[in-house]
Amino acid sequence: AASPAPDALQPLLATINERLSFADQVALTKWDSGKPIQDTAREAQVIANARKQAAQQKLDPEQAADLIAAQIEANKLVQYGLLAIWQAAHKAPDVPRPDLNQIRPKLDALQARLLQQYADFTPYRVDPECPNWLAEQRASLIKDALHGQALIRATGELCVTDQ
Ligand SMILES: C=C(O[C@@H]1C=C(C(=O)O)C=C[C@H]1O)C(=O)O
C-alpha cells in the first residue's frame, strides 16, 4: 500500500493557504488605491528576508527563496483574477479592509512559521508519493476555482519528481 502523508504536510499547506488568503485583502487595497498589483521592490525585500531566515534554520537559502517566490506568484494570481472580476463588474465588494501597510506585517509574521514547516517537510519532497499526498490534501482546502489554481501554483514546486 502507498505510504500515508507525513504529519509535516498538513500544517505546511494550512500556512500556505493562510498566506494566500491575504491576497483578497491586498487586492481590495489595490482596487482602492489604483496601485499596481506587482511591487518588485517589496517582492525583493520579502525574498531577501526569506534567505536570511533560512540561514537561521536548517534550510537552503535558495530553496527558501524559491518557495517564497512561488507564494508571491500565487498571491498575484489571486489578485489579478479578483481585479479582473471587479473591473468587469465596475465594483469591488463593499467590505472593510485594512491598509496595505497593515497587511504586509502579517505576511512577514507568517513567514518564519512557513519556512520552519517547509524545513520539516523537506525530507519528504523527493518521496515518490509526494504528488499524491499533495493532490489529496490540497483538495480539502480549495474554496473556488481561482483560489484553487493559486493553491496549485503555490505548491507547484513542493514535490521533486526528478533530479
Ligand atoms: C501582496 C502584495 O502584492 C504582490 C505580492 C507580494 C507578496 O505575495 O508578498 C509582494 C508584492 C506584490 O508584488 C503586496 O503588494 O504586498
Side-chain angles (χ1 to χ4, degrees), residues 8-57 59-122 125 134 137-160:
L9 182 56
Q10 192 279 330
L12 172 61
L13 291 181
T15 304
I16 285 174
N17 204 41
E18 185 184 339
R19 192 186 195 285
L20 204 49
S21 70
F22 283 109
D24 297 59
Q25 291 181 9
V26 173
L28 282 169
T29 72
K30 292 188 177 174
W31 172 266
D32 292 345
S33 69
K35 274 204 210 166
I37 289 167
Q38 171 83 31
D39 184 335
T40 304
R42 166 66 180 170
E43 290 188 14
Q45 199 177 62
V46 171
I47 290 172
N49 286 344
R51 284 205 169 88
K52 267 183 240 153
Q53 288 169 314
Q56 291 156 16
Q57 302 180 5
L59 197 55
D60 172 20
E62 289 315 302
Q63 297 203 341
D66 287 351
L67 175 76
I68 299 305
Q71 306 319 302
I72 292 172
E73 290 309 315
N75 197 293
K76 289 186 288 184
L77 201 150
V78 169
Q79 293 187 57
Y80 285 119
L82 292 176
L83 265 292
I85 291 166
W86 301 339
Q87 206 72 62
H90 306 291
K91 61 176 195 298
D94 185 15
V95 293
R97 48 266 214 172
D99 293 340
L100 186 54
N101 60 23
Q102 291 174 292
I103 302 168
R104 284 177 170 177
K106 293 184 183 173
L107 292 170
D108 293 337
L110 174 150
Q111 190 154 295
R113 172 163 41 105
L114 179 56
L115 291 174
Q116 182 56 60
Q117 290 167 337
Y118 182 59
D120 293 344
F121 183 71
T122 291
R125 292 182 64 211
L134 193 54
Q137 297 204 7
R138 227 169 17 201
S140 64
L141 294 171
I142 290 175
K143 62 175 181 185
D144 61 31
L146 178 60
H147 292 81
Q149 289 305 114
L151 189 60
I152 288 168
R153 177 66 189 89
T155 57
E157 290 133 35
L158 225 47
C159 300
V160 180

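Note: hydrogens, waters and symmetry copies are ignored here, and every other heavy atom, side chains too, is used. Residue numbers count from 1 along this sequence. Numbering of ligands and ligand atoms starts at 1, following listing order. Please read these numbers as outputs of a predicted model, since none were measured by experiment.
Scanning the protein heavy atoms around atom 12 (C) of ligand 1, the nearest turns out to be Ile37 O, 3.3 Å. For atom 6 (C) of ligand 1, the nearest protein heavy atom (residue, atom name, distance) is Ile72 CG2, 3.9 Å. The nearest heavy-atom contact from the protein to atom 16 (O) of ligand 1 is Arg104 NE, 2.8 Å.
Residue-level proximity to ligand 1 for Asn75 is carried by the side chain, the only part with a heavy atom below 4.0 angstrom.
Heavy-atom contacts of Val26 reach the following atoms of ligand 1: 1 (C), 2 (C) (cutoff under 4.0 Å). Close contacts of ligand 1 with Gln38, meaning ligand atoms under 4.0 Å from a residue heavy atom, involve 13 (O). In the vicinity of Gln79, heavy-atom distances shorter than 4.0 Å reach the ligand 1 atoms 1 (C), 2 (C), 3 (O), 4 (C). Ligand 1 places these atoms under 4.0 Å from at least one heavy atom of Lys30: 2 (C), 3 (O), 4 (C), 12 (C), 14 (C), 15 (O).
For the 3.5 Å distance criterion, the side chains of Asn49 and Gln45 fail to qualify, holding no donor opposite an acceptor. Looking only at atom types and distance, the side chain of Gln116 has no donor-acceptor partner in the side chain of Gln53 under 3.5 Å away.
Residue Asp39 has at least one N or O atom closer than 3.5 Å to an N or O atom of ligand 1.
Across Leu13, Leu12, Leu9, a single residue satisfies side chain to side chain contact (heavy atoms under 4.5 Å, CB included) together with Thr155, and that is Leu13.
The shortest distance between side-chain heavy atoms of Arg125 and Tyr118 falls below 4.5 Å. Counting heavy atoms from C-beta outward, Trp86 and Leu28 have side chains that approach closer than 4.5 Å.
Within the structure, the closest approach of Lys35 to ligand 1 does not fall below 4.0 Å when heavy atoms are considered.
Listed for the Asp144 side chain is a donor-acceptor partner under 3.5 Å among the backbone atoms of Leu146. Proximity of a side-chain donor or acceptor of Gln111 to a complementary backbone N or O of Leu107 within less than 3.5 Å is not detected.
Here atom 10 (C) of ligand 1 lies nearest to Glu43 when heavy atoms of Glu43, Gln111, Gln25 are compared. Closest heavy-atom approach to atom 9 (O) of ligand 1 among the candidates Arg42, Arg19, Lys76: Arg19.
A pairwise comparison of heavy atoms in Ala70 and Arg153 identifies CB-NH1, 3.8 Å as the closest pair.
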